[in-house]
There are 2 protein chains.
Amino acid sequence: VAAPSDDAAVWRGDRFVVATTDTMVEDIDFRLDWAGFDFRVLGRRLISVNLSDLAAMGAAPRYALISLVLRRTTTASDVTELYRGIAEQSRRFGCAVAGGDLSETSGPLTVTAALIGRVTSARRLLSRQGARPGWQIAVTGSLGGAAAGLRLLESRRRPASPAERGWVRSQLDPTPQVEAGQALVGAGIRVGGDISDGLYREVERLLDGSSMGATIDVGMLPLVRGLATTSWELAVRDSEDFELICAAPKRTMQAAKRSLARRDLRLTVIGHFEREPGIRFRNGSRVEKLEGAGYEHFR
Amino acid sequence: VAAPSDDAAVWRGDRFVVATTDTMVEDIDFRLDWAGFDFRVLGRRLISVNLSDLAAMGAAPRYALISLVLRRTTTASDVTELYRGIAEQSRRFGCAVAGGDLSETSGPLTVTAALIGRVTSARRLLSRQGARPGWQIAVTGSLGGAAAGLRLLESRRRPASPAERGWVRSQLDPTPQVEAGQALVGAGIRVGGDISDGLYREVERLLDGSSMGATIDVGMLPLVRGLATTSWELAVRDSEDFELICAAPKRTMQAAKRSLARRDLRLTVIGHFEREPGIRFRNGSRVEKLEGAGYEHFR
């Protein structure tokens with residue numbers, strides 16, 4: 001509504017607003033010397049990280065506010081590429097870049113976005129709370145690609161196959177599940193989140209405050225193409241896949257699966273909640289527990 | 001609306017949304033070794049910087065999203081104090097902290113806030129565009145305190161008088177003119193902005209895209225208590241005062257002045273717009289121009 005020269009952006013509001021913010025710090029969240037990574041991909045990834053949080057609520061993206069803290073050595077063409085990545089990923093998901101801030105730092109490049117989206121009612125959204133014993137647990141897409149890609153990037157070995165290139169892409173330039181999030185809500189699902197902090201960590205969060213537990217069936221995990229089934233832990237811990245997890249009674253889950261299939265999206269049941277506390281992984285006839293899975297700063 | 005454990009915050013929306021983001025980087029925007037500065041004051045200042053942008057639009061604050069990028073050496077009690085400052089300044093101005101993100105860095109402490117506010121209509125707000133020749137220019141509060149305070153802090157001399165303590169406070173812990181911004185709009189003023197990048201720079205912005213100019217009467221500048229009139233340039237360039245500037249025809253300005261006075265707020269006419277291009281400072285019988293006033297990163 002207001003001119004871009006003003007101190008703040010103005011837009012016509014929505015009835016229910018969803019907002020999130022995420023920061024990426026150089027050498028912690030990304031490395032500019034990763035093969036295939038550059039300022040444009042960084043811009044896309046910054047938007048994707050935040051879009052994934054909106055997707056996790058089943059929200060539709062609307063506006064982005066960007067804050068870039070650049071090193072003195074950042075060139076004008078780096079900044080142009082960074083903005084290009086931000087703009088193209090925003091546009092792709094129907095989000096307008098409404099404003100921003102530019103600063104300089106003697107330290108690592110630090111980029112922050114705040115994304116504002118909408119839901120149509122206070123009830124039609126995904127929340128971490130409300131799962132019940134007996135409900136199925138499902139995930140969108142495939143698992144393990146981001147972690148396998150990170151391992152490849154850190155090893156400095158060039159990806160040698162289409163599968164490996166796919167892994168690297170899901171680490172560097174993931175696609176946030178914005179459409180899936182809204183489709184899950186549309187199909188009646190109300191419990192879910194994103195697993196970009198790791199599948200294990202997200203199951204823990206869905207259990208928070210309840211006395212329930214969960215069993216995940218390792219054989220049902222939709223591992224990314226090319227990942228050996230023996231590497232399933234990559235899909236569970238520190239996994240960083242930009243996919244969604246959700247929980248619902250079997251019948252609702254089946255409806256959601258059909259709804260996503262019509263959009264060429266995949267939803268795979270991987271386990272269920274149950275009364276017995278703790279998180280168990282059923283691997284054939286064995287039941288395993290993972291220690292120290294998931295990743296959190298300052299924990 | 002949603003639980004704080006979710007990936008994003010949800011709230012009931014407003015018809016017209018105003019949003020802004022600002023970042024503060026250690027050793028560029030603040031120094032933790034400044035006398036009287038600490039993590040709590042930093043938290044308040046982070047919110048104030050952003051509130052000042054909302055004030056500049058005449059908006060009412062609603063929600064804040066916070067992103068903190070902390071050094072590894074930051075202690076838990078530093079973080080608590082930082083949050084305390086953020087929370088108390090937000091609450092004071094009717095703003096709820098709706099969400100945030102926490103990261104770590106090997107570089108300087110970097111804190112970002114995005115603030116979301118509301119205006120009641122797309123027309124009832126302050127914008128940098130639309131000033132006309134003949135209109136009066138006015139500022140809220142007093143000028144020069146923040147710049148004088150910064151000079152004192154950088155000199156490492158302890159403030160020696162109540163006036164000097166006031167200067168330091170307006171640098172470290174300024175009060176954003178949120179109430180004044182809304183009162184100006186309520187009184188019919190539609191052109192304005194904040195002068196936290198310097199009064200001169202803001203007058204330039206109000207002139208952007210027009211062929212007009214402005215004359216500021218140095219004798220009318222409401223200099224902060226204790227500042228010598230010969231130091232008036234401090235009030236004009238790099239001034240960083242968290243005050244508002246506005247422009248309107250004389251009659252509207254008089255109404256606004258009365259409206260602010262009823263709230264114990266000050267509005268002082270300091271000059272006017274005119275057809276002749278350029279920015280002039282009338283100092284008694286002399287007319288001066290300033291070179292290189294105002295401050296902008298990467299300019």
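Not measured: the values here are computed from a predicted model. Chain A is the first sequence line, chain B the second, and so forth, proteins listed ahead of strands; every chain is numbered from 1.
If you measure heavy-atom distances from B:S106 to chain A, the contacts under 4.5 Å come from both the backbone and the side chain. At a 4.5 Å heavy-atom cutoff, the contact between B:I116 and chain A is made by side-chain atoms alone.
Nearest approach of B:T20 to A:L65, heavy atoms of both residues: O-CD1, 3.8 Å. Nearest heavy atom pair, residue B:G100 against residue A:T21, reads CA-CG2, 3.8 Å. When all heavy atoms of A:I28 and B:R72 are compared, the closest pair comes out as CD1-NH2, 4.0 Å.
Rounding to the nearest 0.5 Å places CG of B:D101 at 11.0 Å from CE of A:M24.
Checking A:T112, A:D22, A:T23 one by one against B:S103, the side chain to side chain contact (heavy atoms under 4.5 Å, CB included) holds for a single residue, A:T23.
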